[in-house]
Amino acid sequence: MEVAKTKSPKKRALGKLFSRAFQIYRDNPIMIVPSLIPIAALILGMVIFAGYMGLVAVFGEEGFVAFFALAGLFLFLIMMIVLFFLAEGMTIEMIREASIGNKADLSRAWQATLAKIEPLVLTSLLAGTIVAFGYVLFLIPGVILSFAFYFVAQAVMIDGKSSIEAMKASYRFVEANLSDALIIVLASLAIGAVLPTIPFIGALLSLLSLPYLYGLATLLYLDHHL
């Protein structure tokens, strides 16, 4: 007796993916909240820095003040990195939920991302370091690696992979869907480059565009990955 084969989900036309990402964002505006977390932390950091400058003005550049400032800056940078990847992971999870017809839920996304925050941060840092070395050694390897590792966060959040396995999954995904992946990545880079140049509101538009850009990559990954 022949066993019926399970059909894979039908891939969405690339043009419809752009409109679907916009529709999900429009219907779930709460998706902007994770991207606001690093911004809030940055503002807090600026306030703390202003306080440090006040201490310097009062006490002078004493050794303990300088040490405190350097230690605080180091911890602040670590916190910003973690918050950035946390925001990305939460947004990906919210997009995944919305893509199957559920409402994006901030609490559920928070819990799901916290459970994967260690592999998400470590994998993203490892991929970023390798890409950076690619640019330092020669431009072309850096560009290739940027494309190859563009979907590592999706591999972690959606498939539960980490470290080398997530980077391999991203590479295989880009290799198997090269033309669509290139279009999505280049379109995202173009949006990210153009919006900041708009006078007065460029920075705000760039911030508001983040869930949409995450949506493009995530929907492509959901539609095409094995």
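Below, all heavy atoms of this structure are taken into account, side chains as well, without hydrogens, waters or symmetry copies.
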K.L.:
Residues in side chain to side chain contact (heavy atoms under 4.5 Å, CB included) with S188, at least two apart?
P.N.:
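With sequence neighbours excluded, S188 shows a side chain to side chain contact (heavy atoms under 4.5 Å, CB included) to Y150, I184, L213, L216, given in chain and number order.
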K.L.:
Mind checking what makes side chain to side chain contact (heavy atoms under 4.5 Å, CB included) contact with S107, not counting sequence neighbours?
P.N.:
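Side chain to side chain contact (heavy atoms under 4.5 Å, CB included) list for S107, sorted by chain: D105, Q111.
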K.L.:
Working to the nearest 0.5 angstrom, can you tell me the gap between K168 NZ and E175 CD?
P.N.:
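Interatomic distance, K168 NZ to E175 CD, rounded to 0.5 Å: 13.0 Å.
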K.L.:
Rounded to the nearest 0.5 Å, how far does CG of L219 lie from NE2 of H224?
P.N.:
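Reported value, rounded in 0.5 Å steps: 11.0 Å.
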K.L.:
Let me have the donor-acceptor pairs involving side chains of residues 190-201, under 3.5 Å, with sequence neighbours excluded, atom names and distances please.
P.N.:
unit_1 : atom_1 : unit_2 : atom_2 : d
T197   : OG1    : V194   : O      : 2.5

K.L.:
Which donor-acceptor pairs under 3.5 Å do the side chains of residues 26-36 make with protein atoms, sequence neighbours left out?
P.N.:
unit_1 : atom_1 : unit_2 : atom_2 : d
N28    : OD1    : A104   : N      : 3.0
N28    : ND2    : I24    : O      : 2.9

K.L.:
With the side chain counted from C-beta on, respond yes when D223 and L17 share a heavy-atom pair under 4.5 Å apart, and no when they do not.
P.N.:
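In contact.
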K.L.:
Tell me, which pairs form a ring-ring contact (aromatic ring centres under 6.0 Å, His included) where one or both residues lie in residues 89-135, sequence neighbours left out?
P.N.:
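Pairs touching residues 89-135 that pass the test: none.
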K.L.:
Determine, stepwise, if the pair K161 / V152 fulfils side-chain contact (heavy atoms from CB on, under 4.5 Å).
P.N.:
CA-CA 9 Å; K161 299 184 182 296; V152 291; over 6 Å; no
K.L.:
Using the side-chain contact (heavy atoms from CB on, under 4.5 Å) rule, take F147 and V131 through it: C-alpha gap first, then chi angles, then the decisive distance, then the call.
P.N.:
CA-CA 10 Å; F147 283 98; V131 170; over 6 Å; no
K.L.:
From L189 CG over to S146 OG, what is the distance, rounded to the nearest 0.5 angstrom?
P.N.:
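It is 8.5 Å, given to the nearest 0.5 Å.
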K.L.:
To check you understand the geometry: which heavy-atom pair defines the closest contact between F18 and Y212, and what is its length?
P.N.:
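The answer is O-OH, 3.2 Å.
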K.L.:
Looking at residues at least two apart in the chain, or sitting in another chain, which of them share a salt bridge (charged side-chain N to carboxylate O under 4.0 Å, His left out) with E93?
P.N.:
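Applying salt bridge (charged side-chain N to carboxylate O under 4.0 Å, His left out) to E93 gives R96.
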K.L.:
CD of E118: more than 12 outside heavy atoms within 6.0 angstrom?
P.N.:
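No, the 6.0 Å shell around CD holds no more than 12 heavy atoms from other groups.
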K.L.:
Hey, any chance I92 and I37 share a hydrophobic cluster, counting ILVMFWY side chains that come within less than 4.5 Å of each other, even indirectly?
P.N.:
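Result: yes, single cluster for both.
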K.L.:
Would I117 end up clustered with I81 when hydrophobic side chains under 4.5 Å apart are linked, directly or stepwise?
P.N.:
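Looking at the clustering, I81 is in the same group as I117.
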K.L.:
Following the transitive rule for hydrophobic clusters with a side-chain heavy-atom cut-off under 4.5 Å over Ile, Leu, Val, Met, Phe, Trp and Tyr, establish whether Y171 and I164 coincide in one cluster.
P.N.:
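No: no chain of side-chain contacts under 4.5 Å links Y171 to I164.
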K.L.:
Within the structure provided, determine whether T91 and Y25 are in side-chain contact (heavy-atom separation under 4.5 Å).
P.N.:
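No - every pair of side-chain heavy atoms lies 4.5 Å or more apart.
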K.L.:
State, to 0.1 Å, how close M79 and A41 come at their nearest heavy-atom pair, and which atoms those are.
P.N.:
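Residues M79 and A41, closest heavy atoms: CE-CB, 4.0 Å.
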K.L.:
State which residues pass side chain to side chain contact (heavy atoms under 4.5 Å, CB included) with L75; sequence neighbours excluded, sorted by chain then number.
P.N.:
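With sequence neighbours excluded, L75 shows a side chain to side chain contact (heavy atoms under 4.5 Å, CB included) to no residue whatsoever.
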K.L.:
If hydrophobic clusters are built from ILVMFWY residues whose side chains come within less than 4.5 Å, do V174 and I183 share one?
P.N.:
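The answer is yes; both residues are in one hydrophobic cluster.
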K.L.:
Can you get from F84 to L122 by hopping between Ile, Leu, Val, Met, Phe, Trp and Tyr side chains that sit under 4.5 Å apart?
P.N.:
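Each belongs to a different hydrophobic cluster.
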K.L.:
Specify the closest pair of heavy atoms between S162 and V156, including all atoms of both residues, with the distance to one decimal.
P.N.:
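For S162 versus V156, the nearest heavy atoms are CA-CG2, 4.5 Å.
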K.L.:
Going by side-chain hydrogen bond (donor to acceptor under 3.5 Å, both in side chains), name the residues that satisfy it together with T218, two or more places apart in sequence or in a different chain.
P.N.:
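Partners of T218 by the side-chain hydrogen bond (donor to acceptor under 3.5 Å, both in side chains) criterion, ordered by chain and then number, come out as Q154.
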K.L.:
Excluding sequence neighbours, so at least two apart, what forms side chain to side chain contact (heavy atoms under 4.5 Å, CB included) with I130?
P.N.:
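By the side chain to side chain contact (heavy atoms under 4.5 Å, CB included) rule, I130 matches L126, L145, F149, M167.
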K.L.:
What heavy-atom pair brings S170 and A148 nearest, and what distance separates the two atoms?
P.N.:
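Heavy atoms of S170 and A148 come nearest at OG-O, 2.6 Å.
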K.L.:
Partners of N102 by side-chain hydrogen bond (donor to acceptor under 3.5 Å, both in side chains), sequence neighbours excluded?
P.N.:
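Once residues adjacent in sequence are excluded, the partners of N102 under the side-chain hydrogen bond (donor to acceptor under 3.5 Å, both in side chains) criterion are E97.
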K.L.:
What closest approach, in Å, do M157 and G89 show between heavy atoms, and which atom pair accounts for it?
P.N.:
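Nearest heavy atoms, M157 then G89: CE-O, 3.5 Å.
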K.L.:
Output a table of donor-acceptor pairs, distance under 3.5 Å, between side-chain atoms of residues 204-211 and any protein atom two or more places apart or on a different chain; print 'none' if there are none.
P.N.:
unit_1 : atom_1 : unit_2 : atom_2 : d
S206   : OG     : G202   : O      : 2.9
S209   : OG     : S206   : O      : 2.7

K.L.:
Any idea how F151 and Y221 line up, ring-wise: parallel (<30°), tilted (30 to 60°), or perpendicular (>60°)?
P.N.:
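F151 and Y221: parallel rings.
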